[in-house]
Amino acid sequence: MKKALYLLLAAVLILGALAGCATDDPGTAAAEETATFASKAEMLEAYGLDENLRFLETRHITVEIYDRNNSDVGGTDPTNNVYTDFIKEGMLRDHNVEVEFVPVPRWEEVATINNMLAANEAPDVCVTYDYPQIQSYGLMDAIVNLTPYLDAGGEELFPNMWAVMGRTNIYWNQDPVDGHIWAMEAMLYNNMRTNTFVREDWLAALDMELPTTEAEFEAMLIAFRDNAELLLGEDADQMVPFATSRDVAWDASRLIESYFPDEMTDREFYIKGIGDRRLFFPGVKEATRVLNKWYNEGLMDPDFALYETGNDIFTNKFKAGYVGAFMGNWDLPYRDGELGITGTMHAQVGPEANFVAVDSFPNNAGVDKKYLSAPVDRKVFLPATNDEPVASLLYVDWISRPDVRFYLQLGTEGINYEVTENGAYQNIPTDTEHFINSAQNIDYTITINGLDVGDPAITALSMALGYAGVEPRLIETSYVLQKTNFRIGKQVSVGVLASEDGLGTVLTDKGYELFAKSIVAAPEEFDAVYDQLMGDLMTQYGDASQAERAEKFQQYYGDVEML
């Protein structure tokens, strides 16, 4: 009878995940029930697993994989390549689970997953960077509550997942009221964000030093503009002193963040930190005024607002050597070997054509502050249509195994890397089927973002050698600046924010509009344009969100200012 009861409870748990909307909080009751498993053996029997965590009957799951549309730089089919074969063979061998990858366009992932969820066609294992969307999905009962499975199995069923993400990241999003978990947070192993990059060879040609202040940076841009013929010759009309896409909040982040007050408390940081682009932080307007000035003085690409992330026209301007300065991911100019920005510039311009990272934007305390995220990255979740939650979580666990991560991050020795005398792993560029589509194959290693070879010292050395055709000093400079004078985001757990339901993508689009219209406005019209657009944002979204955040913060943290 006890065995029958455990089997019944397991069935109820799985049906609850399938139904998705059977109760206000699917799986909560099951979480209480599954906690009564008397032994691991009985739990394994309930889930249909043998003692090696292999299903007695073959299961099938689908897994989201980003399609970066990068065939122009040697990319392979993200659903069918050397690495997907490795994963499929390993999951079938070790867990008797068939894996099928479902491509999702990287830069349209939220809209694509939305459509898939609406059509009940979402992959069993999904990934996104956008937690507000997760919250929206959860409120629509479109996501499996993971708490029953995590509480029942925990480290016994998913030891590798636990070792990588830790309990903190796994339970990061647990609701403080009813305990549901709609998504787990991947570990941001190398917590990095954005740096400022300038053309080292152009500065040398103009006998200028690296800029260390905003004024010096602006003077450099003016020098680039005024010496376009010297720097670009017959391509002088292609000169772009400072480049940004329409995602200005990211592509000008170092400038914008320099206008954040250094003394901001964790309370204020949370209350005003709506969305991932910090549009409501104090100082954003004055930073945008600087960009307005640069635009009107011909220091920016006049078509910046037309460039979506990953736009070929935008990227090719870097590769052709037309760009003097930009802000972006700390290693962006060094990626993709000979087909990337630095590699292509070396081929088309010369080996001296390099972007070097600089600190040029001290804040009101005289510090070039970097605002790094909390140690969380992509959010891993299971749609309510998932009828194999245990198999899906075993996939997440398998992908977290040290040997699996090592292979996926580095590839094959002699093809993707070689081991140096000091034990570091040096990248080898390849255009074969072993090409790695994303940095360290992060699209497959969904529980970790950042290189980890098992030894922190060797990992650091390997990072410096991990960019084919790039001088290690450039990597080291960018890394050191990124890790100097930084502030890490804090975890604030207050449960569901009703005011932000569905706000993620809406706020992103509104941010594009705010910056585009404010930057291209005539200088004398800047205040009126910016104030109207920001006023509309506050009325429609900001006021309600900040009020709810303030109320929730007070409820759970009281009068504390710093966490």
Side-chain angles (χ1 to χ4, degrees), residues 66-69 104-118 122 126-140 142 193-194 243-253 255-257 272-281 283-285 287-289 291-292 295 300-315 327-329 373 378-379 497-521 526 528-546 548-549:
Y66 286 148
D67 184 352
R68 295 177 180 270
N69 191 28
V104 170
R106 169 64 184 94
W107 311 117
E108 292 84 41
E109 53 129 342
V110 173
T112 302
I113 290 296
N114 269 332
N115 293 334
M116 287 180 164
L117 285 166
C126 288
V127 180
T128 184
Y129 285 92
D130 193 341
Y131 191 76
Q133 286 302 120
I134 293 286
Q135 176 179 286
S136 299
Y137 303 151
L139 291 171
M140 293 186 293
R193 199 165 183 265
T194 61
T244 174
S245 70
R246 66 172 183 161
D247 191 1
V248 174
W250 182 264
D251 290 339
S253 58
L255 167 69
I256 294 172
E257 290 165 2
K272 296 184 177 180
I274 305 163
D276 65 350
R277 292 300 191 255
R278 299 165 179 160
L279 299 179
F280 301 107
F281 270 26
V284 173
K285 178 180 179 180
T288 309
R289 189 190 302 276
L291 293 169
N292 171 269
Y295 178 86
M300 291 175 60
D301 188 328
D303 297 326
F304 78 92
L306 302 178
Y307 303 138
E308 297 182 1
T309 304
N311 181 285
D312 287 342
I313 296 176
F314 181 58
T315 303
M327 301 169 198
N329 286 322
S373 76
R378 292 151 294 173
K379 296 83 178 73
L497 293 169
S499 62
E500 296 181 24
D501 180 19
L503 187 58
T505 55
V506 173
L507 198 57
T508 298
D509 291 338
K510 291 294 184 180
Y512 295 155
E513 180 184 12
L514 170 73
F515 286 112
K517 291 183 177 180
S518 299
I519 290 172
V520 304
F526 172 79
V529 172
Y530 185 93
D531 290 347
Q532 179 182 344
L533 291 167
M534 179 53 75
D536 290 344
L537 274 175
M538 289 298 298
T539 300
Q540 296 174 31
Y541 312 108
D543 288 336
S545 295
Q546 289 189 31
E548 184 178 16
R549 281 173 171 246

Next on the checklist: Checking Phe314 against Asp303 for the side-chain contact (heavy atoms from CB on, under 4.5 Å) test, could you report, in this order, the C-alpha distance in whole Å, the side-chain angles of both residues, the deciding distance, and whether it holds?
Outcome noted: CA-CA 9 Å; Phe314 181 58; Asp303 297 326; over 6 Å; no
Checklist entry - Taking it one step at a time, do Thr194 and Ser253 satisfy side chain to side chain donor-acceptor pair (under 3.5 Å)? => result CA-CA 7 Å; Thr194 61; Ser253 58; 2.7 Å; yes
Item to check | Heavy-atom side-chain contact between Arg193 and Glu257 under 4.5 Å | outcome: yes
Checklist entry - Parallel, tilted or perpendicular: which describes the rings of Tyr66 and Tyr129, with under 30° parallel and over 60° perpendicular? => result parallel
Checklist entry - Could you give the distance from OG1 (Thr288) to CZ (Phe526), rounded to the nearest 0.5 Å? => result 5.0 Å
Checklist entry - Closest approach of Glu500 and Ser545, non-hydrogen atoms and distance? => result CG-OG, 3.4 Å
Next on the checklist: To the closest 0.5 Å, what do you measure between NZ (Lys379) and SG (Cys126)?
Outcome noted: 14.5 Å
Item to check | Derivation and outcome, side-chain contact (heavy atoms from CB on, under 4.5 Å), residues Asn69 and Trp107 | outcome: CA-CA 10 Å; Asn69 191 28; Trp107 311 117; over 6 Å; no
Next on the checklist: For a quick test of reading the model, state the closest non-hydrogen atom pair linking Ala516 to Ala305 and the distance between them.
Outcome noted: CB-CB, 3.9 Å
Item to check | Val104 side chain reached by Met116 side chain, heavy atoms, under 4.5 Å | outcome: yes
Checklist entry - Mind checking whether Gln133 and Ile113 have side chains closer than 4.5 Å, heavy atoms only? => result no
Item to check | NZ/NE/NH1/NH2 to OD/OE distance under 4.0 Å, Lys510 and Asp536 | outcome: no
Checklist entry - Taking all atoms of both residues into account, what is the closest heavy-atom pair of Glu548 and Ala498, and its distance? => result OE2-N, 3.0 Å
Next on the checklist: By the definition side chain to side chain contact (heavy atoms under 4.5 Å, CB included), identify the one residue from Asn292, Val529, Asp531 that meets it with Ser518.
Outcome noted: Val529
Item to check | Nearest-0.5 Å distance that lies between atom CZ in Arg289 and atom CD1 in Ile519 | outcome: 13.0 Å
Checklist entry - Do the side-chain N and O atoms of Tyr137 and Asn114 include a donor-acceptor pair separated by under 3.5 angstrom? => result yes
Checklist entry - Okay, side chain of Gln135, backbone of Leu497: is any donor-acceptor separation there less than 3.5 Å? => result yes
Next on the checklist: Nearest 0.5 angstrom please: Leu139 CG to Ile134 CD1, how far?
Outcome noted: 11.5 Å
Item to check | For the student: nearest non-hydrogen atoms of Tyr295 and Asp301, plus distance | outcome: CE1-O, 4.2 Å
Next on the checklist: Go through it in stages, so that I can follow the logic: the residues are Asp247 and Arg277, the test is side-chain contact (heavy atoms from CB on, under 4.5 Å), and I'd like the CA-CA distance, side-chain angles, deciding distance and then a yes or no.
Outcome noted: CA-CA 9 Å; Asp247 191 1; Arg277 292 300 191 255; 2.8 Å; yes
Item to check | Residues Tyr541, Ile274; criterion side-chain contact (heavy atoms from CB on, under 4.5 Å); working and verdict | outcome: CA-CA 9 Å; Tyr541 312 108; Ile274 305 163; over 6 Å; no
Checklist entry - Is there a side-chain contact between Leu279 and Val284, using heavy atoms and a 4.5 Å cut-off? => result no
Checklist entry - Out of curiosity, Lys272 NZ to Gln546 CD, how far, rounded to the nearest 0.5 Å? => result 6.5 Å
Checklist entry - Can you tell me how far the OG1 atom of Thr128 sits from the CZ atom of Arg378, to the nearest 0.5 Å? => result 11.0 Å
Checklist entry - For Lys517, does the NZ atom sit with more than 12 other heavy atoms under 6.0 Å from it, leaving out its own atoms? => result no
Next on the checklist: Please enumerate all residues that pass ring-ring contact (aromatic ring centres under 6.0 Å, His included) together with Phe280, with sequence neighbours excluded.
Outcome noted: none
Item to check | Side chain proximity check, Ser245 to Asn311, heavy atoms < 4.5 angstrom | outcome: no
Checklist outcome for this item: Heavy-atom closest pair (Phe515 atom, Ala249 atom, distance to 0.1 Å) is CE1-CB, 3.7 Å
Item to check | Non-hydrogen atoms of Thr244 and Phe304 that approach each other most closely | outcome: O-CB, 3.2 Å
